[in-house]
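The structure appears right after this line, and notes come after that.
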Amino acid sequence: MTSRQHDIVFRALDSFSIETPSWGYANTGTRFGKFLQPGAAGTTEEKFADAGQVHRFTGCAPTVALHVLWDLPEGLASAALVEEMAARHGVRPGSINPNVFQDQLYRHGSLGNPDATVRRAAAAHIQESIEIARRLRSRDISLWFADGSNFPGTANIRHRRQWFLENLQAAHFRLGPEQRLLVEYKPFEPAFYHTDIADWGMALLLARGAGPRAKVLVDTGHHYQTQNIEQIVAWLLAEGMLGGFHFNDRRYADDDLTLGSIDPYQVFRIFHEILLFEWETGTRADIAYMVDQSHNLKPKIEEMIQTVATAQELYAKAALVEHEKLAAFQKRAHLIDAEECLKAAFASDVRPAVAEWRKSKGVAPDPLRAFRDSGYQARVEAERGERNRAGVTSYA
Ligand code: PSV
Ligand code: MN
């Protein structure tokens, strides 16, 4: 790697951070069962402690996404305690995720529910989540809705769209000047006939309709097989509507696999579209990079370190694309040269430069090894094992 490339990697990493999700540290499972991990976090405090380890060893995961029902069960009243807990573990609260999919009243949807009292309850929870975010100085309120239907003819799709629009407008009205609403889409699951916000087009229209600080959130697992995600990213960038990512990988559906484990080139191509946009426009795209994975089998903290390190490597590789050359090749339709330009960057081994960057920031050059050597995992397994085997979880 030339010294110029080395500098490019350093500059790219200086500007890159990624948020990890509180729910990625807790025991979760599939709908067929849970395999409990003795060291998993069982309380909000433990989730911050584990996320703090990921940040400590990678130097690039300073914030933690919170799910209101799971991490702030007393809503706004929990905020002060949550802020203290985060600070104790060297991280900050990140995006706030309202939960309008788990309570019994949401059986037939939240903002799309035909019952106006349920729609009002969901809207009130979202409003409280905006207050929580303000109190925690979190910028983004990240909205995902499980709303949809399982059988044709059972739901009025247009009425539901209208209810979404009106309620998102009302939520937007409550935002502080610094805050944003991120609207996430997903084609199916848990609904299997129609989902109210099924793709990026629906999310885009709803976000536009909600107001200027509503943007689209792209969860990489929420697409049909073979969908060209980087094209969606490029369009959202061009429209000024890309707000953030939930990163994970998938082979079949929303599999929650480790970022880049199945298709690292896909993640590279996404980063490439973003960096190309920034190079062309001379602006910085305002994007929240977040992980949305919870692992049932891999050890959770190690897996999150692996994910964060993979994101850094793929971002650094994308930064190595020679934009001027690429633009010239594209202009002259030099197909092979243009493609090779991308492939050369993807093939470069950035790991030594990433390790150097880490050293320059005072973090371990090999975060996974350093975490393993720290003894943290054995300690928390001893502390939490008995409780976790009994399946007990609590809040603080
Ligand atoms: C739904 O599949 C999702 O991607 C949403 O972002 C949720 O907030 C998250 O997973 C956790 O259930
Ligand atoms: Mn998601």
Side-chain angles (χ1 to χ4, degrees), residues 18-31 34 40-41 44 47 51 63-73 93-103 106 109-112 122 125-126 129-130 132-133 138 140-148 171 180-192 195-200 202-203 206-207 214-224 227 229 232-233 236 242-259 267 270 287-296 300 303-304 307 311 393:
I18 189 161
E19 179 164 307
T20 69
S22 71
W23 53 97
Y25 301 102
N27 267 324
T28 47
T30 69
R31 60 203 163 102
K34 269 189 189 180
T44 305
K47 293 176 197 169
T63 58
V64 186
L66 300 175
H67 237 288
V68 174
L69 209 64
W70 306 334
D71 300 316
L72 296 115
S95 62
I96 299 300
N97 294 251
N99 187 314
V100 288
F101 51 85
Q102 215 173 339
D103 283 349
Y106 299 127
S110 61
L111 297 187
H125 178 73
I126 293 170
S129 303
I130 294 171
I132 293 171
S138 292
D140 292 332
I141 295 89
S142 195
L143 298 169
W144 174 70
F145 300 93
D147 289 56
R180 304 191 305 173
L181 279 186
L182 301 182
V183 182
E184 183 173 353
Y185 57 91
K186 179 170 179 172
F188 64 90
E189 200 208 15
F192 291 108
T195 292
D196 284 293
I197 312 181
D199 67 22
W200 70 281
M202 298 176 203
L206 287 174
K215 306 284 172 197
V216 177
L217 188 146
V218 177
D219 184 315
T220 47
H222 293 186
H223 299 89
Y224 291 116
Q227 201 157 4
I229 302 176
I232 295 172
V233 167
L236 289 173
L242 180 62
F245 285 94
H246 272 179
F247 278 130
N248 48 67
D249 212 337
R250 52 79 63 78
R251 180 70 185 82
Y252 299 101
D254 188 19
D255 306 336
D256 260 4
L257 300 180
T258 307
L259 176 73
V267 187
I270 289 173
I287 300 170
Y289 295 113
M290 301 176 268
V291 177
D292 184 1
Q293 293 169 187
S294 24
H295 289 272
N296 203 11
K300 288 161 192 296
E303 191 283 336
M304 210 57 86
T307 298
T393 53

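The chain is numbered in sequence order, starting from 1. Worth knowing before you read on, the calculation uses all heavy atoms, side chains too, and leaves out hydrogens, waters and symmetry mates. For ligands, and for the atoms within them, numbers begin at 1 and follow the listed sequence.
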Filter the ligand 1-protein atom pairs down to N or O on both sides and distance under 3.5 Å, then list them.
from, atom 1, to, atom 2, distance (Å)
ligand 1, 2 (O), Lys186, NZ, 2.9
ligand 1, 2 (O), His222, NE2, 3.4
ligand 1, 2 (O), Asp254, OD2, 3.2
ligand 1, 4 (O), Glu184, OE2, 3.0
ligand 1, 4 (O), Asp219, OD2, 3.0
ligand 1, 4 (O), His222, NE2, 3.1
ligand 1, 4 (O), Asp292, OD2, 2.8
ligand 1, 6 (O), Glu184, OE1, 2.8
ligand 1, 6 (O), Glu184, OE2, 2.9
ligand 1, 6 (O), His246, ND1, 3.2
ligand 1, 6 (O), Asp292, OD2, 3.1
ligand 1, 8 (O), His67, NE2, 2.9
ligand 1, 10 (O), Asp292, OD2, 3.1

Flag, side chain of Thr195 to backbone of Pro187, donor-acceptor distance under 3.5 Å: yes
Least distance between heavy atoms, Trp23 atom then Leu66 atom: CZ3-C, 4.2 Å
Whether Trp70 and Phe101 hold their rings parallel, tilted or perpendicular, with breakpoints at 30° and 60°: perpendicular
Shortest non-hydrogen contact between Leu111 and Ala122, atoms and distance: CD2-CB, 3.8 Å
Distance, nearest 0.5 Å, that separates CD1 of Ile141 from CD1 of Ile130: 5.0 Å
Any donor-acceptor N/O pair, Asn248 side chain to Asp292 backbone, under 3.5 Å: yes
Smallest separation among heavy atoms of Gly221 and Arg250, with atom names: O-NH1, 3.9 Å
Check: Asp147 side chain, Ser110 main-chain N or O, donor-acceptor pair, under 3.5 Å: yes
Ile270 and its side-chain contact (heavy atoms from CB on, under 4.5 Å) partner, picked from Thr220, Val218, Ile232: Thr220
Distance below 2.8 Å from the Mn ion (ligand 2): protein N/O/S atoms: Glu184 OE2, Asp219 OD2, His246 ND1, Asp292 OD2
